[in-house]
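Below is one structure, written out as structure tokens; the observations come after it.
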Amino acid sequence: MLHVLGLNALTEGVYRALLAEPDAGVERIATSLRLTEAQVREALDELLELTLLRPTTGSHALRAVSPEVGLTRLLARNQNQLLFRQQQLESARSEIAALSAEYVDRRPDDEQVLRLESLDAVRDRLEELAATATRECLSLMRGGAVRPDSIQAGKHPNQLALERGVVIRSIFQDSFRNDPDTLRYARWLAELGGLTRTVPLLPIRLVIVDRSIALVPIDPSDGRRGALELHGAALIQPLCALFDELWRSGTDFGQPTPRDGQDLTGSERALLELLSQGHTDESAGRKLGLSLRTVRRMMQDLMSRLGAESRFQAGAQAVRNDWL
């Protein structure tokens with residue numbers, strides 16, 4: 001435990017050796033601790049700097065200062081440094097509070113909208129919100145794979161929020177289960193205490209902080225264009241209700257994808273519904289976060305299970321089987 005006072009393991013070992021055998025020389029200490037003489041001399045220099053060694057009266061030899069005197073003095077020095085650092089941090093906290101108050105004064109009033117015009121501006125704002133959240137952060141992660149740069153940008157703020165006791169709940173699309181980067185991120189979040197569920201289809205990307213601030217994309221098809229920051233109960237409450245409903249219908253991360261009474265997964269049923277609404281394979285895949293190849297493979301499997309030889313026949317059979 002002496003490393004907290006500035007002694008590494010090697011230096012502590014040399015100090016203990018001198019306490020046990022005050023007359024031991026460099027060569028004997030090196031032999032007993034299986035160190036080189038250079039390592040022992042380096043440790044002696046550190047002990048002198050820490051005032052744990054002092055010259056013996058009337059000779060050039062060094063002797064170890066007793067732990068009661070030397071380590072207690074070193075402890076007091078560290079406590080004084082810690083107290084000074086705490087005072088500095090309190091001063092910084094006051095300055096942050098003053099700056100935040102000035103900045104908040106320029107935030108939008110209730111039921112207003114602030115435009116964040118770039119991806120960097122969105123990330124900076126999300127970091128601020130994660131640092132100031134007091135209760136919970138909710139998010140809808142629309143799309144399949146999460147970009148590695150987005151994952152890295154979100155890791156540190158999320159970790160700090162979780163360590164403060166903030167609840168983090170995230171909903172991904174089922175398609176995220178097939179992406180290694182997103183899976184690693186979800187596992188990392190779960191290990192820290194974050195909660196994750198999946199649903200087949202999400203309408204928008206969304207972040208809600210403390211049920212009082214929400215961020216939605218300016219352009220739902222391109223998150224790089226920035227986001228709208230929403231304030232006020234009239235704007236936030238419907239988004240909270242949307243999140244709560246999706247959360248209730250979602251599947252916990254780590255659980256197998258459930259099947260309904262017709263032996264359909266949520267993604268399979270959502271695909272059938274999208275195609276019945278006139279979506280192409282490409283547009284249905286974009287909404288579900290699935291590749292075109294995956295969509296076509298799913299559709300081929302559904303046709304086989306329906307005993308259909310064409311898309312039209314499959315649609316009719318799906319209606320007869322109450323799949324739609």
Side-chain angles (χ1 to χ4, degrees), residues 1-103 124 127-135 137 152-168 184 187-194:
M1 292 297 293
L2 296 185
H3 68 275
V4 299
L5 300 180
L7 279 77
N8 59 37
L10 188 150
T11 304
E12 181 182 342
V14 173
Y15 178 60
R16 289 177 179 272
L18 285 169
L19 288 172
E21 196 175 356
D23 296 328
V26 171
E27 184 178 352
R28 191 188 306 175
I29 294 174
T31 301
S32 65
L33 297 180
R34 297 182 180 179
L35 301 173
T36 65
E37 292 188 13
Q39 288 176 309
V40 174
R41 294 186 190 280
E42 184 179 345
L44 292 174
D45 289 340
E46 291 182 16
L47 290 169
L48 275 170
E49 191 174 325
L50 294 170
T51 66
L52 292 175
L53 287 183
R54 66 173 54 162
T56 301
T57 304
S59 74
H60 296 293
L62 298 173
R63 63 184 178 86
V65 178
S66 70
E68 184 177 2
V69 174
L71 294 180
T72 301
R73 182 170 54 218
L74 196 55
L75 177 62
R77 184 192 306 171
N78 278 267
Q79 287 176 324
N80 289 335
Q81 290 173 345
L82 179 60
L83 179 60
F84 178 69
R85 181 62 176 158
Q86 287 175 328
Q87 291 171 342
Q88 287 182 315
L89 290 173
E90 286 303 318
S91 297
R93 189 190 304 277
S94 299
E95 291 184 19
I96 291 171
L99 182 61
S100 298
E102 180 182 349
Y103 182 58
D124 289 345
E127 191 167 346
E128 290 177 6
L129 292 171
T132 57
T134 59
R135 299 189 306 278
C137 295
Q152 288 303 125
K155 272 191 173 183
H156 183 61
N158 283 341
Q159 183 170 355
L160 292 178
L162 286 164
E163 288 172 353
R164 295 200 319 274
V166 174
V167 174
I168 292 184
R184 279 193 293 271
R187 291 192 183 102
W188 171 84
L189 194 62
E191 287 171 0
L192 292 175

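Between the CD atom in E127 and the CG atom in L160 there is a gap of 8.5 Å [rounded to 0.5 Å]. Distance CG/L189 to CG/L162: 6.0 Å, rounded to 0.5 Å. Atom CD of Q39 is separated from atom CG of L10 by 5.5 Å, given to the nearest 0.5 angstrom. Rounding to the nearest 0.5 angstrom, the gap separating the CG atom in L89 from the CZ atom in R85 is 4.5 Å. The CG atom of L18 sits 10.5 Å away from the CZ atom of R28 when rounded to the nearest 0.5 Å. To the nearest 0.5 Å, atoms CZ (R77) and CG (L50) are separated by 6.5 Å.
Pairing each heavy atom of L19 with each of S66, the nearest pair is CD2-CA, 4.5 Å. Shortest non-hydrogen contact noted between A161 and I168 is CB-CD1, 4.3 Å.
Under a 4.0 Å N-O distance rule, the pair R16/E12 qualifies as a salt bridge.
In this structure a side-chain-to-backbone donor-acceptor pair under 3.5 Å is missing from Y15 to A43. The backbone N or O of I29 sits less than 3.5 Å from a side-chain atom of S32, completing a donor-acceptor pair.
Screening L52, T11, V14 for a side chain to side chain contact (heavy atoms under 4.5 Å, CB included) with L44, the sole residue that qualifies is V14.
Atom CD of E21 sits in a crowded spot, with more than 12 heavy atoms from other residues, nucleotides or ligands closer than 6.0 Å. Around the CD atom of Q88, the shell of radius 6.0 Å holds more than 12 heavy atoms that belong to other residues, nucleotides or ligands.
Qualifying side chain to side chain contact (heavy atoms under 4.5 Å, CB included) partners for A133, counting only residues two or more places apart in sequence or in other chains: C137, R164, V166, V209, D210.
Considering only heavy atoms from C-beta on, L83 comes within 4.5 Å of Q87 through its side chain.
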